[in-house]
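Let me begin by presenting the structure, written as structure tokens, before commenting on it.
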Amino acid sequence: MSVTKNEVEHIAKLAKLKFNENEIDEYTTQLNQILTYVDKLNELDTENIKPLLHPVDGENVFREDVQKKSISTEDALKNTLYKTDKYFKVPKVIK
Amino acid sequence: MLQYKNHLEKLAKLKVKEISLIENVQTFLDKIELNKDLNAFNFVFEDALEQAKIVEEKIFNGTYGKLAGMVIAIKDVLAIKDKPLTCSSKILENFNSVYTATAIQKLIDEDAIIIGKTNCDEFAMGSSNENSAFGKVLNPIDKTRVPGGSSGGSAVAVAANLCDVSLGTDTGGSIRQPASFCGIFGLKPTYGRVSRYGLTAFASSFDTIGPFANNVEDIALILSVLSGKDEFDSTSKEIDIPNFLELLNEKNKIKIGIPQEFFGEGLNEEIKNIIQKKIDFLSQNEKIEFVDIHLPHNQYSIATYYILTTAEASANLQRYDGVRYGVRDKNQNELDEMYTQTRSNGFGKEVKRRIMLGTYVLSSGYYDAYYTKAQKVRRLIQEDFQNAFKKVDVILTPTSPFTAFKIGEKLSNPLEMYLSDIYTTSANLAGIPGISIPVGNDSNGLPIGLQLLANQFNEALLLQTAKKLIHKINE
């Protein structure tokens, strides 16, 4: 399979990334190189193989629904400059 | 270089005041400053000296923990409360952790001294430590070469004696490969052995935390401290934690498998010959038996690895949108534009490349062809190991197909860089533990690493074998 410039632009949009013309060209070439390489997997017949979702066997983890202390609002807001006393601030969404 | 050969000896010397912990920490701090050109540290903690005073007092009072006085450097992808956590990325330039990772807390609780945070590839994505917002890290053995990655700074910190031990993370070889390039020991534990709480997620079903050291004893000691179930990581496993250090000297007979697929095309001849010589030498020992085995699907590991890890990474890295943390692009009035600009300015080239690949393989129409397909092959790779461990105790391979390469050599070709992990990614795909041990040098004087792999949660046998082999080789 190969990927076109248009597709790369579409993926960039999905990933919320922006590239200039040169970068789009570069990524198109490189993604195609990598995708050609991973096509190698099609040599394998995996029709009857179950996908492995996780490397180590696990069970469901249950616990009592007890309220515990989490990080404080003050701590949660420490790492941004865009805030009020209680909330994160973002550009206006509804106009 | 150091006045002791492992932590137990250091602790004994601290107790009888043959070594002063404060002087010891000061010496490390001075050496870090002196070796600044290596660029191993993103942040150095001067408060380590105060910590040294407290721990020394505890040692004299007899109320000290297992790691009392062990000076440890931490890869800058792990959280320590009120300290910077950047993942060597511009996007987290100003970030300070609001809690401490479980693995780090366990070290602190046993009176280890944290001396700083080490440089790495951005978000642990890379095999050379050249993808860092803090700049590249140099290999102390030859400064024109890379230290390996992504935990390059952690490997260099130990190799250049800037600390006793360090922590790294291993998603596809990021501990074992730099350990091999720098001539030290590096352990990737079984997935689920060590809690990932407080580790910045790259590929959640692959990420592990493990130690670098100059000797197997310290690796064993620190692993017993790091291990265990954690209520904050539901994938951490409730399972016996053996006393790894005590078990090191068990004298069982060991059966070691040599997978033919790891010694074929692509492996540097010199490495092949040196490892073959070690195998021949060790075969004379009646307690070590070598047998040929096959891991036929290893040739698919890199392809499988890059599909699955980039998919997981593209999801994990969605959180960097500039809303709650991270360097936000302040010029944007539209929310969507703010996300996009923040991410485009904040992430480096390799991280963007992997987000793009991951987004592509997960996108509608390609999901089954790539993602589901790779998950199926992941099972085949794991089954190869399960079959192999029915026949042998431990598997022996080279850690890397080549020794430390030149800075810049593989930067322009991402695929070639990815292929440098050809012998290491399969352990992460299968969730098994692996260690790289130093077994010699090539004709340029560059270290060669030998990788040992064991079945899930069989680190005791893995470390025993490592100890036995290194002991025989150095005899």
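Below, chains carry the letters A, B, ... as their sequence lines are ordered, and counting in each starts from 1. Keep in mind it's a predicted model, so treat the numbers as computed, not measured.
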For [X], is it the side chain, the backbone, both or neither that has a heavy atom under 4.5 Å from a heavy atom of chain A?
| X | answer |
| --- | --- |
| B:Leu429 | backbone |
| B:Asn333 | backbone |
| B:Thr342 | neither |
| B:Ser412 | backbone |
| B:Glu334 | both |
| B:Asn413 | side chain |
| B:Tyr306 | neither |
| B:Phe457 | side chain |
| B:Gln318 | neither |
| B:Leu419 | side chain |

**Request:** Under 4.5 Å, counting heavy-atom pairs only, tell me which of A:Lys78, A:Lys50, A:Gln33 racks up the most with chain B.
**Result:** A:Lys50

**Asked** With chain B, which of A:Ser72, A:Ala12, A:Pro91 has the greatest number of heavy-atom pairs at distances under 4.5 Å?
**Response**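 If we count pairs closer than 4.5 Å to chain B, A:Pro91 comes out on top.
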
**Message:** Strictly below 4.0 Å, N to O, side chains only: are B:Glu337 and A:Lys18 in salt-bridge contact?
**Reply:**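 Judged by the 4.0 Å cut-off on N to carboxylate O distance, B:Glu337 and A:Lys18 do form a salt bridge.
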
**Message:** Between B:Asp336 and A:Lys16, does any side-chain N to carboxylate O distance fall below 4.0 Å?
**Reply:** yes

**Complete:** When every non-hydrogen atom of B:Val98 is compared with those of A:Asp75, the smallest separation belongs to CG1-O, 3.5 Å

**Message:** Looking at every heavy atom in both B:Leu380 and A:Leu44, which two are closest together, and how far apart are they?
**Reply:** CD1-CD1, 4.2 Å

**Prompt:** Are any of the side-chain heavy atoms of B:Ser234 and A:Arg63 separated by less than 4.5 Å?
**Reply:** no

**Message:** Less than 4.5 Å apart, side chain to side chain, heavy atoms only: is that true for A:Gln30 and B:Lys349?
**Reply:**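 No, too far: nothing below the 4.5 Å cut-off.
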
**Any side-chain donor near an acceptor of the partner, B:Tyr360 and A:Glu7, under 3.5 Å** = no

